[in-house]
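Everything numeric here is computed off the predicted structure, so don't read it as measured data.
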Amino acid sequence: MSLSKQEMAAVVARDIPPGAFVNLGIGQPVLVADHLPEGSGVVLHTENGMLNMGPAAGDQVDPDLTNAGKQPVTELPGSSYFDSAASFAMMRGGHLDVCVLGAFQVSARGDLANWHTGEPDAIPAVGGAMDLAIGAKSVFVMMTLFARDGSAKLVPACTYPLTGVGCVDRVYTDLATFDLSPGGVVVRETFGISIDELAGRLDVPLEPPAK
Amino acid sequence: MSLSKQEMAAVVARDIPPGAFVNLGIGQPVLVADHLPEGSGVVLHTENGMLNMGPAAGDQVDPDLTNAGKQPVTELPGSSYFDSAASFAMMRGGHLDVCVLGAFQVSARGDLANWHTGEPDAIPAVGGAMDLAIGAKSVFVMMTLFARDGSAKLVPACTYPLTGVGCVDRVYTDLATFDLSPGGVVVRETFGISIDELAGRLDVPLEPPAK
Amino acid sequence: MSATLCATPEEAVAGIEDGSTVLIGGFGMAGMPVELIGALIDQGAADLTVVSNNAGNGDTGLAALLARGRVRKVICSFPRQHDSWVFDGLYRDGKIELELVPQGNLAERMRAAGAGIGAFFSPTGFGTPLAEGKETREIDGRTYVLEHPIKGDVALIGAHRADRMGNLVYRKTARNFGPVMATAATTVVAQVAEIVEVGDLDPETVVTPSIYVDRVVAV
Amino acid sequence: MSATLCATPEEAVAGIEDGSTVLIGGFGMAGMPVELIGALIDQGAADLTVVSNNAGNGDTGLAALLARGRVRKVICSFPRQHDSWVFDGLYRDGKIELELVPQGNLAERMRAAGAGIGAFFSPTGFGTPLAEGKETREIDGRTYVLEHPIKGDVALIGAHRADRMGNLVYRKTARNFGPVMATAATTVVAQVAEIVEVGDLDPETVVTPSIYVDRVVAV
């Protein structure tokens with residue numbers, strides 16, 4: 001069986017080391033927070049200037065406390081606030097252990113396309129995506145492996161405008177998890193599909209899981 | 001009569017606008033603080049990370065509160081602390097209204113030499129001098145006009161290693177005050193010496209005071 | 001010079017000229033200087049370049065300024081939002097210019113303006129359409145794009161508290177672009193919830209020192 | 001990962017290797033991590049490059065480290081002080097290398113290392129001997145020198161208080177180089193006067209967030 005979004009989020013959460021400093025991108029990656037084990041010590045960063053962000057706010061909404069998606073959130077003990085220049089210095093400087101991003105496409109060599117479909121009348125918007133793509137020690141992508149039209153999103157070369165070059169380390173999808181290594185695309189795990197079937201539906205060479 | 005150090009400091013202090021943000025360099029410029037009128041609202045900056053520094057500490061010395069000369073000082077109401085990167089961003093970014101520096105030599109076009117005598121066995125040390133020289137909106141130099149050996153310190157071109165190029169706006173000395181303008185060296189005021197006599201002892205062309 | 005305490009937002013935005021570059025704080029609504037933007041609309045300056053993370057929400061604030069046709073160009077990282085219909089319409093009609101800048105480069109370019117840095121090599125955006133035409137360089141095996149400062153004629157920011165000298169503190173994630181914009185504009189105007197006496201802010205906790213602040217108004 | 005709380009300065013400096021670049025906080029004695037430097041002397045690492053604003057005072061702290069011959073090179077802005085006889089002697093004897101850097105460039109080069117900036121154009125030092133051999137550029141009518149990051153293998157800093165996660169606050173002008181050095185080294189070690197519980201520091205006042213701090217020791 002292929003994974004649901006929540007199941008994908010759980011797989012990602014399992015691979016985040018205890019105590020890691022992590023940025024979860026807008027959209028699906030936010031779900032990962034719900035699957036981090038109690039007491040993991042994972043510290044969430046939000047690009048608008050906070051470390052150790054807590055869960056979404058309930059009834060007690062503070063308009064001065066939001067996440068990168070502009071949703072009201074909370075603070076945990078040991079949090080800190082800083083301005084946007086400091087926040088992006090932290091991201092760009094390689095201090096985050098992991099960031100998890102959504103994607104339109106990822107190429108076999110780790111190029112990321114997640115900010116623009118390239119459609120001529122689309123309003124472009126990039127936010128912090130390009131800073132996150134090149135900044136974290138490990139960049140994880142979380143996406144369905146195939147688009148609604150059936151086209152693969154893990155591709156030999158991105159056709160959408162790039163967010164970052166050679167920046168993705170690992171791709172979590174509903175059908176499989178891949179490591180993008182210098183040696184090629186390594187399948188780490190599959191979900192309800194064989195490696196051969198996967199290879200048949202993708203246009204990139206696949207390496208089997210390391211023993 | 002030529003001016004004493006304290007008299008020179010008083011002349012400089014008189015020209016500092018009320019409410020100005022000012023950095024006083026190590027050495028003689030520190031004396032300027034004693035001559036600022038009560039209620040001037042002048043805010044002193046110290047490069048090691050503070051605005052609205054107060055006078056030298058008396059008996060109550062706090063080792064965590066020093067000026068750029070590493071002497072114990074005090075804080076005034078409305079002060080703020082920041083780190084060295086922020087402090088020098090403030091200086092380099094042109095936010096200080098005035099800085100007052102000592103000098104070995106100043107050239108007619110405003111080059112400053114105040115950090116190194118060029119002697120081969122001298123231990124070089126620059127501190128924040130080069131940042132101050134190029135950073136403040138107005139850079140004032142305060143020095144005796146002649147060195148102990150009788151040589152002029154306002155010169156056609158500096159022979160000592162430079163601190164900054166074309167950065168000095170005004171030179172306060174014991175014998176005269178000079179504006180270094182694009183039109184040349186303008187004498188603003190003399191102390192116990194005539195302009196003709198001054199011109200005879202200096203190797204730079206002098207313009208008379210503006211009417 | 002010490003900050004001027006203004007009685008009204010109108011007084012705080014007086015003198016902003018046509019053609020100015022205006023830095024506007026806020027990330028979405030958090031830290032957005034809503035009253036100052038309202039006063040700027042009434043004040044009437046036009047042909048503005050606005051630098052802000054977003055390009056307005058709904059029909060108020062920055063969106064209202066855009067709707068009046070006062071803004072020639074927006075420099076921002078994320079104009080498209082579910083409620084950015086004013087910007088979206090102007091952009092599709094070719095009535096507003098957009099310079100899209102990755103958020104970190106936006107912040108760092110303003111920091112450079114405030115810190116006297118002439119230009120800097122950023123890794124962000126290399127190899128993407130947003131770096132097209134820009135100088136690039138490989139340094140120590142990594143690739144960078146040369147980015148230049150963004151300086152404002154005016155900054156309009158929201159903070160939490162000011163003292164009467166103009167020292168500022170912020171509140172939670174409403175801090176965002178306020179501190180860096182305060183360093184990067186010729187005239188810096190802050191709206192705050194409260195103005196307190198000099199000495200009432202702990203000097204260790206001041207985020208924007210008074211040297212950066214020209215006008216303060218409590219709203 | 002959250003900071004490790006160390007029982008002793010010895011534990012806090014364990015593992016520093018020969019040949020390391022060590023950033024050492026402090027402006028004169030204010031903010032100087034005296035106990036960590038003492039532990040580094042005992043620990044024995046040699047052939048070090050030390051980056052610090054000054055080059056040691058009297059016969060203790062950094063001066064003692066120099067006196068033991070452990071330091072190959074000093075990168076600093078102001079080595080010469082009335083009590084810098086240890087450095088002065090080594091320098092005159094050609095036994096230590098000196099890279100003299102204007103103080104603002106020193107701070108900004110470490111900031112660049114911490115902020116992922118590849119290089120930056122600084123106006124400081126242009127036309128002086130300290131810019132000799134460096135790339136220069138005129139930007140918007142002003143002249144600049146290209147400066148590169150200074151990154152440490154280790155930073156030893158002094159702060160006032162830490163919480164058990166490693167968030168730091170400083171005290172008065174002892175803050176100086178601590179915050180920027182904390183961003184610029186692979187392993188950051190902070191000595192503090194007091195370690196408090198998580199939640200005891202106001203999140204608005206944290207100067208160095210825990211992400212930058214690897215080891216903390218109370219002295």
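Neither the backbone nor the side chain of C:Val207 comes within less than 4.5 Å of any heavy atom of chain A. The part of C:Tyr91 that comes within reach of chain A is its side chain, from C-beta onward, which places non-hydrogen atoms under 4.5 angstrom from that chain. Heavy atoms of C:Leu106 lying under 4.5 Å from chain A are absent altogether. Contact of A:Asp111 with chain C is not made at all, since no heavy-atom distance falls under 4.5 Å. A:Pro124 touches chain C through backbone and side chain together, each having a heavy atom under 4.5 Å away. Contact of A:Thr163 with chain C is made through the backbone alone, with heavy-atom distances under 4.5 Å. Using a 4.5 Å cut-off between heavy atoms, C:Tyr170 does not touch chain A at all. Using a 4.5 Å cut-off between heavy atoms, A:Thr66 touches chain C through backbone and side chain atoms alike.
Residues C:Glu99 and C:Arg109 are paired through a salt bridge, judged by an N-O separation under 4.0 Å between the basic side chain and the carboxylate. The pair A:Lys137-A:Asp97 meets the salt-bridge criterion, since a charged nitrogen lies less than 4.0 angstrom from a carboxylate oxygen. With respect to the salt-bridge test (charged N to carboxylate O, under 4.0 angstrom), the residues C:Arg161 and C:Asp200 do not qualify.
Contacts with chain A were tallied for C:Pro79, C:Gly31, C:Gly178; C:Pro79 has the most, counting heavy-atom pairs under 4.5 Å. Chain A forms the most heavy-atom pairs under 4.5 Å with one residue out of C:Val101, C:Asp88, C:Val180, and that residue is C:Asp88. The candidate with the highest count of non-hydrogen atom pairs below 4.5 Å against chain A, out of C:Asn54, C:Leu130, C:Leu98, is C:Leu130. Between chain C and the residues A:Val126, A:Val73, A:Val165, the most heavy-atom pairs under 4.5 angstrom are made by A:Val126. Of the residues considered (A:Met53, A:Met91, A:Glu47, A:Glu75), A:Glu47 shows the highest number of contacts with chain C, using heavy-atom pairs under 4.5 Å. The greatest number of non-hydrogen atom pairs below 4.5 Å with chain A, out of C:Gln81, C:Met110, C:Glu108, is found for C:Glu108. For chain A, the option among C:Pro102, C:Ser122, C:Cys76 with the highest count of heavy-atom pairs below 4.5 Å is C:Pro102. When each of C:Ala55, C:Ala107, C:Gly158 is checked for heavy-atom pairs under 4.5 Å with chain A, C:Ala107 comes out on top.
The side-chain tip of A:Lys70 points at the ring of C:Phe27 from less than 6.0 angstrom away and within 45° of straight on. Relative to the six-membered ring of A:Phe146, A:Arg201 meets both conditions, a distance below 6.0 Å and an angle of at most 45° to the axis.
A side-chain donor-acceptor contact under 3.5 Å links C:Thr173 to the backbone of A:Asp64. A donor-acceptor pair is defined here as one N or O able to donate and one able to accept, closer than 3.5 Å; no such pair exists between the side chain of C:Glu97 and the backbone of C:Val74.
To the nearest 0.5 Å, the span separating NE2 on C:His148 from CG on C:Asn105 amounts to 12.5 Å.
Here the side chains of A:Met50 and A:Leu65 are in contact, with some heavy-atom distance below 4.5 Å.
Between C:Tyr144 and C:Phe121, the ring planes lie perpendicular to each other; the angle is over 60°, past the 30° to 60° tilted range.
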